[in-house]
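All figures in this text were calculated on a predicted structure; none of them were measured in a lab. Throughout, a chain's letter reflects where its sequence line sits, starting with A, and its residues are numbered from 1.
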Amino acid sequence: MRRGLARWVEGRTIASVEVLHARAVRRHIAGAADLAARLRGQTFGTAARRGKYLWLPLREDAGQRGLEGEAVVLHLGMSGQLLVQPATRDDEKHVRVRITFADGGRELRFVDQRTFGGMALETLDADGVPESVAHIAFDPFDDRFDVSDFARRLRARRTGLKRALLDQTLVSGIGNIYADEALWGARLHYARATEGITAAEADRVIEHARAVMAAALAQGGTSFDSLYVNVNGESGWFERSLEVYGRAGEPCRRCGSLVRRESFMNRSSYFCPICQRHPRHPRW
DNA sequence: CGGAGCTCCTGGGGGC
DNA sequence: TGCCCCCAGGAGCTCC
């Protein structure tokens, strides 16, 4: 998504911002009208990302002074999409925010069925990070991600391994699917107590998380280029590549035993009961 | 403070 | 067909 924004909206100047659903901009405390007024005439800089958070800094334009040190922060939540569409194209059912550009080209649409995601205009700190992203850990693709630091902080926790993997302040970018896939790859049960995770195990689960996310990116990362058609996250990659997620009752591709689904944290966890042995002292 | 449960939404799909 | 229930790739908030 970040690459798509870099290609399609970087350097373009905003003509108008239309908020069609106030909830989509609820994190912008000053409100929808303020967001629209302050963005008009601003130019997008280079898209940046940390974990699942994405932001577009505003930059100086040739003709006009920019809102230096501010950025449009985006989070897609569970059902958000960013689409670049010709203005003549019919609206998707759940368009929440529309941004048009002074060049008259394609518009940017924030589409979100469940409105768990949203966007806001925020100030950047000295490191160029938006305030709402400052508490988010580096993701495993970031050069600054330090796996030994992750292992140390993981072991200081008193909780279950999967819960920790989903905690974006420990490591970011890992969601429910990637957590299950990484745990399967590392042969670790989701209820392993964090304090008992060895450095080698922490390293293993991060390496598998990185691998599965890289594979997903390779297959789904081009979706932004086909924005002319409605993009959904469920392109090919789902059916072909998942080892355990959504495969309850199907054989584990490593050992053949049946993948199990358990309810946990009000969501589903999928795992192989043989490859991922149940811990003696589980933590949930 | 760290940890855990609740909650915000809309819609698809299955069972009856 | 209609209704009800469960499920869905997230994370901030509030309680303990």
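At B:dC9, none of the side-chain N or O atoms of A:S79 fall inside 4.0 Å of OP1 or OP2 (strictly under the cut-off). Taking only side-chain nitrogens and oxygens, A:R163 comes nearer than 4.0 Å to OP1 or OP2 of B:dG5. Between A:H135 and C:dA11, a side-chain N or O to OP1/OP2 separation shorter than 4.0 Å is absent. Side-chain N/O atoms of A:K93 include one lying less than 4.0 angstrom from OP1 or OP2 on B:dG11. For A:Q113 and B:dG11, the shortest distance from a side-chain N or O to OP1 or OP2 is not below 4.0 Å. The side chain of A:H94 places an N or O atom within less than 4.0 Å of a non-bridging phosphate oxygen (OP1 or OP2) of B:dG11. For the pair A:H75 and C:dA11, the criterion of a side-chain N or O lying under 4.0 Å from OP1 or OP2 is met.
A:R283 comes within contact range of no nucleotide atom at all, as no heavy-atom separation falls under 4.0 Å. Using a 4.0 Å heavy-atom criterion, one finds that A:Y53 contacts the sugar-phosphate atoms exclusively. Within the nucleic acid shown, A:H21 has no heavy atom closer than 4.0 Å to any nucleic acid atom. At the heavy-atom level, A:R27 lies under 4.0 Å from the strands shown only through sugar-phosphate atoms. Heavy atoms of A:S268 sit under 4.0 angstrom from primed sugar atoms or phosphate atoms, though from no base atom.
Mapped onto DNA chain C by nearest heavy atom, A:I136 and A:R261 fall at different nucleotides, with A:R261 at the one closer to the 5' end. Nearer the 5' end of DNA chain B, as judged by each residue's closest nucleotide, is the contact made by A:A156, out of A:A156 and A:R23.
No cation-pi contact links A:R3 to A:W8, judged by a cut-off of 6.0 Å to the six-membered ring centre and 45° from its axis.
The side chain of A:N266 approaches B:dT7 more closely than any other nucleotide in the set C:dA8, C:dA11, B:dT7. The listed nucleotides are B:dC9, B:dT7, B:dG3; the one nearest the side chain of A:R157 is B:dG3.
A salt bridge is defined here as a Lys NZ or Arg NE, NH1 or NH2 lying under 4.0 Å from an Asp or Glu carboxylate O, and A:K162 with A:D180 meets this definition.
Following rounding to the nearest Å, A:R26 (CZ) and B:dC8 (C1') show an atom-to-atom distance of 7 Å. Distance A:D167 CG to B:dG3 C1': 10 Å, rounded to the nearest Å. To the nearest angstrom, C1' of B:dG2 lies 13 Å from CD of A:E195. Regarding A:L76, its CG atom lies at a distance of 14 Å from the P atom of C:dG12, rounded to whole Å.
Counting heavy atoms of neighbouring residues, nucleotides and ligands inside a 6.0 Å radius, atom CG of A:D103 exceeds 12 of them.
Of the C1' atoms belonging to B:dG12 and C:dA11, the separation is 23 Å, rounded to the nearest Å.
Using cut-offs of 30° and 60° for the angle between ring planes, the A:F150 and A:F145 rings count as tilted.
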- Apply side chain to side chain donor-acceptor pair (under 3.5 Å) to A:T100 and A:S16, showing your working. CA-CA 5 Å; A:T100 68; A:S16 70; 2.5 Å; yes
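On a pure distance criterion of 3.5 Å, no polar donor-acceptor pair joins the side chain of A:R267 and the base of C:dA8.
Shown are A:V111, A:D112, A:L82, A:L54; of these, the side-chain contact (heavy atoms from CB on, under 4.5 Å) with A:L76 is made only by A:L82.
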